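After the structure tokens below, expect a handful of questions from me.
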Amino acid sequence: AQATSASWPFADLFASVGARRRPDRMRCPTVQSGRGGRGRPRQTILAAAVAASVAFSSSSGAAGAQSSVSVVLAADVTKCLGVFGREVTLRHCMKGEGVAWAGDPGSLTTAGKLEMLAVELPGGEVKQARRLANQTAVVASECLRLQGGIFSLWPCAMTETVFQWDAETLQLKTGGKCVGSISGTLTLVQCKLLAGFGTDNGGDASRDTDQNGHGAPATQTWILLPTDRPQVKMLDTVALPLHVSGRYITDTNGNRVKLVGVNWMSALAQHSSAQGAPAPSQVAQVIKYLGFNSVRIAFSDESDLSTLDRLVKAATDEKLLVVLARRADDLPFVNATDQQMWLKSLSFMAGRYRDDKRVVGLDVHSGPGLQEDGTHTVVPMWGVPDLIQAPLEAVGIKLADWRTGATEGAVSVWEGNPDMLVVIQGGFYGTNLLDVGKEPLNLAQDCLKSRVVYATQEHHWSSPWFDFVSSFENMWNLPGAVNELKGLVAKMKEAKANASIGEAAYALGSQPQSFHDYQDARRKAAYYLDTTQQAPVWVSEFGTSTKKGNNWWSYTLRALSDSDASWFYSPLGARAQDDVQGLFEPTTDDSRPVVGWKVQDLVRLQNPGFFHAEKLTPPGKCAFDQASNRAKMGEHVPLIAFIQAIEWTPTRIAMAVSVAVLMICLPLYICRRCCCRSRRSSQPSWKNGENSLRDLESTDASTREKKNLWCCTCQRSLPVTVPPGIASMLPDGATVPRGYSQVPR
């Protein structure tokens, strides 16, 4: 059981070495010869710590493995608490020089002694560890001690130093002060809290620009990374390609795969080639070290393919799984010319990385939104029948069938690589999958559903769209809904344009009043596919720059924890110089400083949930049939199917009845008006003198009673006074034509 680069060395070590159980919280140092410091022999705490780790590993089957963490500095995540001789210093933890400390983010919030659990073995020689463990007698456990400003390991029974990790500020405190780093040296400093993004802190000349202004400065911020990382360890054994089984993603053998990753934007690839910027290989190492097992790499028609290749290679060299994402602000499936280019690009990208099995999926569109084509507002909707297009176009609205477009995109991807997962974003900028469950992709082969994943986006500035989608009962008032959506799009653009002030995006969104409100809205719009086992729904993009008072962020994290869905934080680094949502510290081009509170929040979501399935039945074989799926993919939803798919709530029924009555009465009213106008023009008028009877109209009383719906007002009796010389000659029931100037009686 040799340790590999894909898994934390302590986790493999614990699983591979067995020994009798030692008492809990016992740590054992041993000696490795060498020279260091001022020429004196240096001692490296080594095999006795391994003996302690061996002890608790052997008992894990009965009592559960003891948790351990690495304590990592946010200002440079490649550095963590390690040992040099007996002195505790900042060591290069990505090279295995760190120490595993007993505990977890929950237990370490209680003040107590910080005990060492294990250290990295030179060369990962597990046999040597077992031999030393067998030869080691009972040795006192080792704890972190602070004396005379020096941090060192000391027998726990002989030290009184206690430490407490603050889960809110991520500071490691002792004696009212905080453990920090000054110029790379571990030291004890006065605890400092940041006042907020872009503001001065108590008159300090320095600006609170790191950590998005939340918590403590990066040099006092400590991230606790678990040493047991099954989501990363699985990268060594995953059987590709991936498939879908119900709401879960599995490998070929049926083992569940939870993707937890970051969005590595193509803009960052150009940025990383600049002088002094980290190489893609270094960035990929940091991504994996932080506990992520996948990356979502965006591309567009303007992307440089050589840059994209370097990103993909850097990620797959670290055994990370890659999802490609076609980035676009337009709707390429509306215009025939754009559609052909879009479909060809999808087939090309899928085929380009067909031989690299770790490129597991392709997102066909980054999230369709509104588009103006000069005369119409184009609205993407899922499953649009042809018969309702013409009436809407008359009022300036054109519906784009995203269901047909997504199906065509999926077929194009499989033409390039039939084993690849196809990712379909929700409409309304990736927020709405409302009708997908009733009208899935229009595929000729039902078995291809085992290669389809649906996705949503959870940006904070999109929160008004969540409210919009959840309140959008029907499409009968589509003009009003489109106008509302246009307003939201304008606000979104304004928020993104002002992202440099940090609070703009936060201020735009309406804060959910409760987690129930948030969960209900999102479940109705998207997550019902997951909860009803129809298909997996992962979050392709979510991110924030604000923590304090941000209900949306805490609710999103809670929802992801409850559902145990796959997710990709966005972005990894700054898409623009002033973008503060990045996981890397936005004030620098380096990949080593991170925003500690974001990483710590995400670390809690990385491990697969304990109560979710680990092994599922893999789907059967499914050979992609290009001809039948091409013939099927362009079919639109029939009107009857569209009507049947509507969820008939009382509000929708009332509106449908109102529309039906209007559609019946409107043509009747128009016909009546035309009939009356026609009859009026044919009726005689009084002329040729007062005493002339030539043009006098006479209507039988029985005829006047035969009124009808079409012309009910055209045959009515009117009170009239006729000239005296004529009155005696009028027959009974005589009437005067409409429009005749009457003389009051």
Side-chain angles (χ1 to χ4, degrees), residues 1 3-15 60 64-65 67-70 72 77 93-94 100 104-105 223-245 247-264 284-296 315-323 357-361 421 453 530 536-540 542 557 559-570 572 583 594 598-616:
T4 65
S5 62
S7 59
W8 194 265
F10 310 133
D12 281 347
L13 179 64
F14 300 158
S60 61
S67 299
S68 59
V69 295
S70 179
V72 178
V77 292
C93 35
M94 287 182 62
D104 55 51
I223 305 167
L224 304 186
L225 297 181
T227 58
D228 182 23
R229 307 185 303 166
Q231 79 281 1
V232 176
K233 188 183 296 185
M234 71 89 186
L235 294 174
D236 291 329
T237 59
V238 62
L240 301 171
L242 300 182
H243 301 286
V244 167
S245 179
R247 59 168 297 217
Y248 296 108
I249 300 170
T250 72
D251 68 3
T252 302
N253 296 329
N255 298 307
R256 190 207 167 188
V257 175
K258 179 182 178 181
L259 298 181
V260 290
V262 291
N263 276 269
W264 199 353
Q285 291 171 4
V286 172
I287 291 172
K288 185 176 182 179
Y289 170 69
L290 292 176
F292 302 104
N293 60 18
S294 52
V295 292
R296 184 173 179 262
T316 56
D317 282 351
E318 291 296 318
K319 298 185 178 180
L320 296 171
L321 303 180
V322 175
V323 175
K357 297 300 183 183
R358 291 191 175 268
V359 182
V360 297
L421 289 180
V453 176
D530 186 273
V537 177
W538 73 33
V539 179
S540 59
F542 74 109
L557 298 179
L560 288 173
S561 176
D562 291 349
S563 67
D564 206 34
S566 297
W567 50 263
F568 296 85
Y569 184 88
S570 177
L572 169 64
L583 203 60
V594 299
K598 294 181 186 178
V599 175
Q600 193 67 65
D601 283 347
L602 296 177
V603 163
R604 297 186 178 99
L605 303 176
Q606 290 176 340
N607 282 1
F610 180 77
F611 295 103
H612 292 264
E614 295 182 3
K615 189 81 173 181
L616 299 105

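Bear in mind that the values here come from a model prediction, so they are computed numbers and not experimental data. Counting from 1, the numbers follow the sequence of the chain as shown.
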**Item:** Residues which pass side chain to side chain donor-acceptor pair (under 3.5 Å) with Asn255, listed by chain and number, not counting sequence neighbours
**Value:**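 By the side chain to side chain donor-acceptor pair (under 3.5 Å) rule, Asn255 matches Asp251, Lys615.
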**Message:** Strictly distance-based, threshold 3.5 Å: is any side-chain N or O of Asp104 a donor or acceptor partner for the main-chain N or O of Ser67?
**Reply:**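 Checked: no pair found.
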**Asked** Counting N and O atoms only, with roles assigned by atom type, does the side chain of Asn293 sit under 3.5 Å from a partner on the main chain of Val260, one being a donor and the other an acceptor?
**Response**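 Side chain of Asn293 to backbone of Val260: a pair is present.
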**Message:** Would Lys258 and Trp567 count as a side-chain contact (heavy atoms from CB on, under 4.5 Å) here? Give the steps.
**Reply:** CA-CA 8 Å; Lys258 179 182 178 181; Trp567 50 263; 4.3 Å; yes
**Message:** Applying side chain to side chain contact (heavy atoms under 4.5 Å, CB included), can you list everything that pairs with Ser294, at least two apart in sequence or on another chain?
**Reply:**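 For Ser294 the side chain to side chain contact (heavy atoms under 4.5 Å, CB included) partners, ignoring immediate neighbours, are Leu259, Leu321, Phe568.
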**Request:** Supply the atom-to-atom distance Met234 CE to Glu614 CD, rounded to the nearest 0.5 angstrom.
**Result:**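 Output value for this atom pair is 13.0 Å.
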**Asked** Can you check whether Thr252 reaches Pro241 side chain to side chain, under 4.5 Å on heavy atoms?
**Response**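 Side chain of Thr252 against side chain of Pro241, heavy atoms only: contact under 4.5 Å found.
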**Message:** Using side-chain contact (heavy atoms from CB on, under 4.5 Å), reason through Phe292 and Leu320 one step at a time and then give a plain yes or no.
**Reply:** CA-CA 8 Å; Phe292 302 104; Leu320 296 171; 5.6 Å; no
**Asked** Can you name the nearest heavy-atom pair linking Pro608 to Asp564, along with the distance?
**Response**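 Heavy atoms of Pro608 and Asp564 come nearest at C-OD2, 3.7 Å.
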**Prompt:** Rounded to the nearest 0.5 Å, what separation is found between the CH2 atom of Trp264 and the CD1 atom of Ile287?
**Reply:**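 Trp264 atom CH2 to Ile287 atom CD1 measures 5.0 Å (nearest 0.5 Å).
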**Worked verdict on Leu602 versus Leu583 for side-chain contact (heavy atoms from CB on, under 4.5 Å)** = CA-CA 10 Å; Leu602 296 177; Leu583 203 60; 3.8 Å; yes
**Request:** Please name all residues satisfying salt bridge (Lys or Arg N to Asp or Glu O under 4.0 Å) with Arg247, sequence neighbours left out, ordered by chain then number.
**Result:**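 If we apply the salt bridge (Lys or Arg N to Asp or Glu O under 4.0 Å) test to Arg247, skipping adjacent residues, the hits are Asp530.
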**Message:** Donor-acceptor pair, distance only, cut-off 3.5 Å: does the side chain of Ser68 make one with the backbone of Thr227?
**Reply:**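 No; zero donor-acceptor contacts below 3.5 Å.
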**Request:** Please name all residues satisfying side chain to side chain contact (heavy atoms under 4.5 Å, CB included) with Asn607, sequence neighbours left out, ordered by chain then number.
**Result:**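 For Asn607, the residues satisfying side chain to side chain contact (heavy atoms under 4.5 Å, CB included) (neighbours in sequence not counted) are Pro230, Gln231.
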**Asked** Looking at Tyr289 and Ser70, what are the two nearest heavy atoms and their distance?
**Response**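 Taking Tyr289 first and Ser70 second, the nearest heavy atoms are OH-OG, 4.2 Å.
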**Asked** Minimum heavy-atom separation for Leu224 to Gln600, with atom names?
**Response**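 Heavy-atom minimum between the residues: N-OE1, 2.8 Å.
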**Message:** Under the criterion side-chain contact (heavy atoms from CB on, under 4.5 Å), I'd like the reasoning laid out for Tyr569 against Phe542: C-alpha separation, chi angles, the key distance, then a yes or no.
**Reply:** CA-CA 5 Å; Tyr569 184 88; Phe542 74 109; 4.2 Å; yes
**Test item: Ser561 side-chain N/O and Leu605 main-chain N/O as donor-acceptor pair under 3.5 Å** =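 Here the side-chain-to-backbone pair does not exist.
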**Item:** Which residues share a side chain to side chain contact (heavy atoms under 4.5 Å, CB included) with Val286, sequence neighbours left out
**Value:**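 Counting only residues at least two positions away or on another chain, Val286 forms a side chain to side chain contact (heavy atoms under 4.5 Å, CB included) with Val77, Met94, Leu290, Phe584, Ser591.
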**Set of side chain to side chain contact (heavy atoms under 4.5 Å, CB included) partners for Asp601, sequence neighbours left out** =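 Once residues adjacent in sequence are excluded, the partners of Asp601 under the side chain to side chain contact (heavy atoms under 4.5 Å, CB included) criterion are Lys547, Trp553, Leu557, Trp597, Arg604.
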**Request:** Work out which heavy atom in Val69 is nearest to a heavy atom in Pro105; give both atom names and the distance.
**Result:**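 Shortest heavy-atom separation between Val69 and Pro105 comes out as CG1-CD, 4.2 Å.
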**Asked** Ala284 and Glu318: which non-hydrogen atoms are nearest, and at how many Å?
**Response**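 For Ala284 and Glu318, the tightest heavy-atom pair comes out as CB-CG, 4.0 Å.
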**Prompt:** Arg358 side chain to Lys319 main-chain N or O, any donor-acceptor pair under 3.5 Å?
**Reply:**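 The answer is yes, because a donor-acceptor pair under 3.5 Å joins these two groups.
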**Request:** Looking only at non-hydrogen atoms, find the nearest pair between Leu240 and Leu242 and report the distance.
**Result:**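 For Leu240 versus Leu242, the nearest heavy atoms are CD2-CD2, 3.7 Å.
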